Amino acid sequence: MRTNVYYLTPAAPAAERAPRLSAGLRLRLRLLAFWCRLRVTAGEIADTLRRFGRAGTDADRAFLDQRADLVLAVVPPACRPARIIDFAAARLRLRR
């Protein structure tokens with residue numbers, strides 16, 4: 001007699017958990033991550049302030065002009081009433 005019962009092999013024992021990091025090491029890693037984020041943020045702010053008030057470069061102007069052309073090239077869809085479908089005319093065209 002056949003059955004549709006399958007026996008699974010026993011599960012492997014759970015792997016040992018990795019040792020927990022010490023509180024001092026966790027604090028050090030957090031401070032290091034904070035320091036890296038602070039340096040990147042400070043660099044971006046300094047770069048922004050350095051560029052403030054300075055005339056844009058030719059590359060900046062070319063990029064902005066190209067972007068403006070793309071925006072102006074988009075034609076909004078015209079609002080018009082829905083077309084009336086003439087089924088009789090369509091049937092005549094199909095017969096020809």
Side-chain angles (χ1 to χ4, degrees):
M1 182 165 128
R2 290 182 146 185
T3 64
N4 59 356
V5 177
Y6 298 96
Y7 294 97
L8 299 176
T9 59
E16 291 184 25
R17 292 178 57 180
R20 289 183 55 126
L21 300 176
S22 67
L25 182 58
R26 282 187 298 190
L27 179 64
R28 215 169 125 203
L29 290 174
R30 283 186 184 200
L31 287 174
L32 182 63
F34 172 75
W35 176 248
C36 289
R37 280 190 228 113
L38 184 67
R39 285 183 57 198
V40 168
T41 304
E44 290 176 356
I45 290 172
D47 187 41
T48 303
L49 292 176
R50 231 180 286 127
R51 291 176 53 190
F52 181 72
R54 195 170 12 150
T57 62
D58 290 335
D60 291 337
R61 282 192 209 95
F63 174 74
L64 292 174
D65 288 342
Q66 179 185 13
R67 179 73 178 136
D69 291 342
L70 288 174
V71 170
L72 293 175
V74 175
V75 178
C79 295
R80 59 179 179 238
R83 292 183 183 173
I84 298 173
I85 300 173
D86 187 2
F87 290 108
R91 285 188 197 102
L92 283 175
R93 277 185 299 216
L94 284 176
R95 288 182 190 153
R96 291 183 193 177

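Bear in mind the structure is a predicted one, so any value in this text is a computation, not a measurement.
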Original post:
Which distance, rounded to the nearest 0.5 Å, do you find between the CG of L29 and the CG of L25?
Top reply: 4.5 Å
Original post:
How long is the span from the CG atom in L38 to the CG atom in L31, to the nearest 0.5 Å?
Top reply: 11.5 Å
**OP:** Check the surroundings of atom CZ in R28: do more than 12 heavy atoms from other residues, nucleotides or ligands lie under 6.0 Å from it?
**Re:** no
Original post:
If we only count heavy atoms from C-beta on, is the W35 to R39 side-chain gap below 4.5 Å?
Top reply: yes
